[in-house]
Amino acid sequence: MAIERTLSIIKPDGVQKNLIGEIFGRFEKAGLKIVGAKMVHLSKAQAEGFYAVHSERPFFNDLVSYMTSGPVVVSALEGEDAVALHRKLLGATNPAEADAGTVRADFAESIEENIGHGSDATETAAQEIEYFFGSDGVCARTR
Ligand code: CMP
C-alpha cells in the first residue's frame, strides 16, 4: 500500500454539532496524520469552484447554500491508502446506506447534510489539497 494524501472537509453541520475533535480523533486512531488544517467560512465562489464538477446536478444550488451556511474545517490527511481509508471512515455519501460505526451513520442527517467530504481518488485529492492549501502548502510529517 502506498502513502497517500487526501482532502477532508468537516462540513457546516459537523462543526455546528461540535464534532471536530470526535471526527479528527477517529481519523488519527485509524492511523491518518493531519498534515494541514484550517477553519474557513466558504464564500459562494469558493464553494461553487470546489464543487464545479457537480454544477449541472439538480442539487448543486442547495449544496452551495449548505456549504456556505457556516464554517467548515478543511484538512489534509496522510497515511497508507489514505483516500480509501478516509472514505471508509466517513461511510457512504447517503447516511442511510452508511455502514454502522462510520461518521455519517453515526452523525449525518441526510445525503444533503452528510457531515464530511473526502476526495475520491489520489488525483482529485492533489487538486483539492491545492485548491484549499495552495501556496501555504501542507506540512511534511516525519514523526
Ligand atoms: P460530497 O462527498 O461532498 O460530494 C458532493 C456532495 O453533494 C455530497 O457529498 C452531498 O453532500 C451532496 N449531495 C446532495 N445531494 C446529493 C445526491 N443526490 N447525490 C450525491 N451527492 C449529493
Side-chain angles (χ1 to χ4, degrees), residues 1-139 141:
M1 277 188 291
I3 299 291
E4 298 173 348
R5 284 183 173 173
T6 193
L7 185 93
S8 178
I9 303 179
I10 301 175
K11 296 182 178 183
D13 53 330
V15 173
Q16 196 262 328
K17 289 176 178 174
N18 249 0
L19 292 170
I20 300 168
E22 167 72 32
I23 294 170
F24 274 175
R26 291 184 183 205
F27 295 163
E28 291 192 326
K29 282 193 192 87
L32 293 168
K33 288 181 178 177
I34 298 166
V35 294
K38 60 184 174 184
M39 182 175 276
V40 194
H41 195 144
L42 296 178
S43 66
K44 187 165 180 275
Q46 277 177 308
E48 285 175 346
F50 182 72
Y51 281 119
V53 67
H54 294 305
S55 62
E56 303 302 320
R57 306 285 289 272
F59 57 81
F60 182 68
N61 289 339
D62 286 344
L63 175 61
V64 170
S65 296
Y66 156 58
M67 290 299 291
T68 56
S69 66
V72 299
V73 174
V74 185
S75 60
L77 307 174
E78 183 178 276
E80 279 193 9
D81 220 10
V83 171
L85 173 56
H86 176 240
R87 287 175 72 83
K88 188 170 166 215
L89 294 169
L90 285 181
T93 303
N94 184 351
E97 295 165 6
D99 289 341
T102 60
V103 169
R104 287 173 174 146
D106 288 347
F107 304 117
E109 305 287 337
S110 66
I111 193 167
E112 288 83 20
E113 302 209 357
N114 66 353
I115 300 277
H117 166 83
S119 308
D120 61 4
T122 51
E123 297 76 19
T124 36
Q127 291 162 8
E128 291 179 355
I129 290 170
E130 168 71 23
Y131 189 82
F132 279 114
F133 291 95
S135 57
D136 282 354
V138 295
C139 292
R141 291 268 310 260

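Counting starts at 1 for both ligands and their atoms, in listed order.
- A salt bridge does not link Lys88 with Asp81: none of the charged nitrogens is closer than 4.0 Å to a carboxylate oxygen.
- Ring geometry for His54 against Phe59 counts as tilted: the plane angle lies between 30° and 60°, on a 0 to 90° scale.
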Inset, instruction - Start with the C-alpha distance between Phe50 and His117, add both sets of side-chain angles, then the distance that settles side chain to side chain contact (heavy atoms under 4.5 Å, CB included), and finish with yes or no. - result: CA-CA 11 Å; Phe50 182 72; His117 166 83; 3.4 Å; yes
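- On a distance-only criterion, His117 and ligand 1 share at least one N/O pair closer than 3.5 Å.
- The CD1 atom of Ile34 sits 6.5 Å away from the CG atom of Leu77 when rounded to the nearest 0.5 Å.
- Among protein heavy atoms, atom 10 (C) of ligand 1 sits closest to Ile111 O, 3.2 Å.
- A salt bridge is defined here as a Lys NZ or Arg NE, NH1 or NH2 lying under 4.0 Å from an Asp or Glu carboxylate O, and Lys17 with Glu113 fails to meet this definition.
- Closest to atom 15 (N) of ligand 1, if we only count protein heavy atoms, is Phe59 CG, 3.4 Å.
- For the side chain to side chain contact (heavy atoms under 4.5 Å, CB included) criterion with Phe132, the lone passing option out of Val72, Val138, Leu42 is Leu42.
- With ligand atoms numbered from 1 in the order given, ligand 1 contributes 2 (O) to contacts under 4.0 Å with heavy atoms of Arg104.
- Glu78 contributes no side-chain N or O that, together with a main-chain N or O of Lys33, makes up a donor-acceptor pair within less than 3.5 Å.
- Neither the backbone nor the side chain of Met67 comes within contact range of ligand 1; no heavy atom lies under 4.0 Å.
- Within the structure, the closest approach of Lys11 to ligand 1 falls below 4.0 Å when heavy atoms are considered.
- When non-hydrogen atoms are compared, ligand 1 lies under 4.0 Å from the side chain of Tyr51 (C-beta onward) but not from its backbone.
- Taking distance alone, with nitrogen or oxygen atoms compared against 3.5 Å, Tyr66 stays at or beyond that limit from ligand 1.
- The ligand atoms of ligand 1 that sit less than 4.0 angstrom from a heavy atom of Leu63 are 6 (C), 7 (O), 11 (O), 12 (C).
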